[in-house]
Amino acid sequence: MLWNRRYAELYPTIRDHLRVGVNFAELTALYVEHLNGADDPAAQQRRLAEYTARFYSAVGDASYGAPDDKVVDVKRSRTAEGGIVSVHRDVTLQRRTTTALSASDALFRDAMESLGEGLTIWDSEDRLVLWNRRFLELTPQMEPHLRAGATFAELYATLIDAQAPELSQEARAQRIEKRLAARGKSTTSFSLNGPNGMTLEVTDRRTSSGGIVSVYRDVTQTREFQRAIIESEARFRDGIESMGEGFVLWDAQDRLVAWNKHAEILLPWQSRLHRRGLHFSAIVEFLQSLTSDQSDPAAWAAHLAQRRGRRDCLGETISFVAGSGRRIELVDRATSDGGIVSIYRDVTEAHQLLERLQASESELQRALVAEREMNAEQRRFISIASHEFRTPLAIIDSTAQRIQARMVDADEHNADMLERMDRIRGSVSRMTDIIDRTLTTARLDEGRFDFEPASLDLGKLLQDVVARQRSIVPSFAIEIVLPATDTIVTADAKLLELVFTNIISNAVKYSGKSRRIEVTVASGDESVTIEMRDHGIGVPQDELDKLFTRFYRASTAQGITGTGIGLHLANELVQMHGGRIEIHSELGRGLRVVVQLPRDAARRDSAA
């Protein structure tokens, strides 16, 4: 046996036993004993038999474990004389490197497969090296063509043929050329149509070794979200541009987010600065620099001070004059995310109209005062004139009455003269009634009307009114029907006499050819109802609600003297007693007036 120094270094456990002529089996036994230990004879025998068989059976390569966890590769060859030459090489570092590389490669592949994106790796000559499963999922049409070493140009041409088979050869070549040119950059991105309407985003990055790593991402949902956001922003923009007010939106940090054209028109100074992200304080500072240019610098400074503290007065309406010279109303409102929406309204015309209205109101107030003074003067004149008329009317009436009496005493039956005296007295009575109504209405208007309720027999009062009317117009048949029960009420006798005189005299006036008037009284526990009916010209249905309006006269009253005060005054006086009046009529069939009075008008009035 011959050996060199390196062999002794590789096997230090048998170094001391190396000598010329030593038997291989003896050295192998020592080597195996060192590897397995002396306490396992069976293992030693198996290992010894294995090594001996390898040594004598064949020529070739083998690897053995050496001391200190070394790995030795052994190459054996037969000599011409039948001996064996063994070359021993320490491959420990090589094996460890290979193992580490295999583990790293496995780890790298696991990492590639765990990615959510498709991945392809190309060498410096643009040949395919690796790809992951996700890439196949995103580009299933490429799977039959994928192989290590395939060129990018070859695979891209296959992809084009699958996606756009209708392309001409020239167009196909141009697309491939364009893609290869873009691929030459350090980083490039482009979109690619995937299966089932999928959109892929591909990013190529050049590696330090000259290769390329391509990343494929499914951006279908992202693009849909982007489209939805763009559409939403477009709708938002259309919405704010369609507003008739200025619109400005700020985020929670008081930075400008959006505004519309109307805001630029209303705020020409402020809009010069408008840009997304601009802080509100910058606008206030700019406007502050314009204070000296304002017609009212103090008001402008107060406005800016209020704007600085706008978050303390959200929802309040602020009025100011903008740079456009227009009067603007501003309202700030908080958004759900802490921002602010500012709404600007041009109220210049409304403000000017309000000023005109206020001026007109002042004029109207002055005119109203003047009118009231004039009305007061008119009422005073009417009162004085009415009192002045009473005296001559009383003289005329008493003179006519004396003449009638003398004619009767003298037994002068001059029917024509007696009828004339009746007409004179009737006219005097009507003029006296007009004066009384006018004076009573004037006192009501002035609020100096005396209401003095007392117990009275309403039936007796009605009999007196009817008797007076009979004496004035003896040609009329005025009938009165009283109930068997009492008709005692608490009321103002003078006022009720005026009420019933007005109603019955109206019945006489509008009876036409019919000269019959009926007065019926019904007595209840709580009230007394009086119904007065004539059979004259009547009133149209659509005019009944207007009969209580002062100075209103029905269309059927044309040609008949009257003032339109009587029913209005009667209604006011009845209401003063807590009662009510109803009117029922048919054209050409007369008119029916129903008055309902409570038993105790004094109690009703005090309760009211």
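Atom set for the values below is all heavy atoms of this structure, side chains included, hydrogens, waters and symmetry mates excluded.
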Between [X] and [Y] (side chain of the first, backbone of the second, donor and acceptor by atom type, cut-off under 3.5 Å), is there such a pair?
X: His279; Y: Arg255; answer: no
X: Asp126; Y: Phe152; answer: no
X: Glu329; Y: Val347; answer: no
X: Asp123; Y: Ser209; answer: no
X: Asn571; Y: Leu567; answer: no
X: Trp300; Y: Val321; answer: no
X: Ser232; Y: Ala228; answer: no
X: Glu531; Y: Arg592; answer: no
X: Arg599; Y: Gly524; answer: yes
X: Thr348; Y: Arg326; answer: no

[atom1]-[atom2] distance between [X] and [Y], expressed to the nearest 0.5 angstrom:
X: Asp492; Y: Leu573; atom1: CG; atom2: CG; answer: 8.5 Å
X: Glu543; Y: Ser555; atom1: CD; atom2: OG; answer: 3.5 Å
X: Leu200; Y: Arg223; atom1: CG; atom2: CZ; answer: 9.5 Å
X: Glu113; Y: Asp110; atom1: CD; atom2: CG; answer: 8.0 Å
X: Phe135; Y: Leu115; atom1: CZ; atom2: CG; answer: 14.0 Å
X: Glu143; Y: His145; atom1: CD; atom2: NE2; answer: 10.0 Å

Could you pull out the closest heavy-atom pair between [X] and [Y], with the gap in Å?
X: Arg172; Y: Ala157; value: NH2-CB, 3.2 Å
X: Ser214; Y: Arg183; value: OG-NH1, 3.5 Å
X: Arg206; Y: Gly210; value: NH1-O, 2.8 Å
X: Leu278; Y: Trp250; value: O-CZ3, 3.8 Å
X: Leu180; Y: Ala153; value: CD1-CB, 4.2 Å
X: Ser342; Y: Leu330; value: CB-CD1, 3.9 Å

Indicate every side-chain donor-acceptor pair of residues 234-244 with a distance under 3.5 Å to a residue at least two apart or in another chain.
{"residue": "Arg237", "atom": "NH1", "partner": "Glu241", "partner atom": "OE2", "Å": "3.0"}
{"residue": "Arg237", "atom": "NH1", "partner": "Trp259", "partner atom": "O", "Å": "2.5"}
{"residue": "Arg237", "atom": "NH2", "partner": "Trp259", "partner atom": "O", "Å": "3.4"}
{"residue": "Glu241", "atom": "OE1", "partner": "Lys261", "partner atom": "N", "Å": "3.1"}
{"residue": "Glu241", "atom": "OE2", "partner": "Lys261", "partner atom": "N", "Å": "3.3"}
{"residue": "Ser242", "atom": "OG", "partner": "Asp238", "partner atom": "O", "Å": "3.3"}
{"residue": "Ser242", "atom": "OG", "partner": "Gly239", "partner atom": "O", "Å": "2.7"}

Among Ile121, Leu119, Leu146, Thr139, the one residue meeting side chain to side chain contact (heavy atoms under 4.5 Å, CB included) with Trp131: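 The side chain to side chain contact (heavy atoms under 4.5 Å, CB included) with Trp131 is passed solely by Leu146 among Ile121, Leu119, Leu146, Thr139.
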
Only one of Val257, Thr335, Asp254, Asp251 forms a side chain to side chain contact (heavy atoms under 4.5 Å, CB included) with Ile340, so which one is it?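 One option only clears the test, and that one is Asp254.
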
May I ask you to check whether over 12 heavy atoms, not counting those of [X], lie within 6.0 Å of atom [atom1]?
X: Gln253; atom1: CD; value: yes
X: Glu137; atom1: CD; value: yes
X: Glu170; atom1: CD; value: no
X: Arg133; atom1: CZ; value: no

For the pair Arg333 and Ile343, evaluate side chain to side chain contact (heavy atoms under 4.5 Å, CB included) and give the outcome as yes or no after the intermediate values. CA-CA 8 Å; Arg333 301 191 185 280; Ile343 302 298; 5.9 Å; no

Just wondering, do [Y] and [X] contact through their side chains at under 4.5 Å, heavy atoms?
X: His577; Y: Leu495; value: yes
X: Gln358; Y: Leu354; value: yes
X: Asp204; Y: Phe190; value: yes
X: Arg275; Y: Leu256; value: no
X: Leu498; Y: Asn502; value: yes
X: Met532; Y: Asn506; value: no
X: Gln288; Y: Arg307; value: no
X: Asn132; Y: Glu117; value: no

Before giving the answer on side chain to side chain contact (heavy atoms under 4.5 Å, CB included), spell out for Arg109 and Leu130 the whole-Å C-alpha distance, their side-chain angles and the decisive distance to 0.1 Å. CA-CA 9 Å; Arg109 286 186 175 275; Leu130 289 173; 2.7 Å; yes

Would you say the side chains of [X] and [Y] form a donor-acceptor pair under 3.5 Å?
X: Arg217; Y: Thr222; value: no
X: Ser319; Y: Arg327; value: yes
X: Thr203; Y: Ser189; value: yes

Step-by-step side chain to side chain contact (heavy atoms under 4.5 Å, CB included) determination, Phe548 to Ile581: CA-CA 10 Å; Phe548 294 129; Ile581 297 182; 3.6 Å; yes

Examine Tyr344 together with His262 and report whether their ring centres are nearer than 6.0 Å.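 No - the distance between ring centres of Tyr344 and His262 does not fall below the 6.0 Å cut-off.
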
Does Phe280 have Arg310 sitting over its ring (NZ/CZ under 6.0 Å from centre, angle to axis within 45°)?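 Judged by the rule, Arg310 and Phe280 form a cation-pi pair.
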
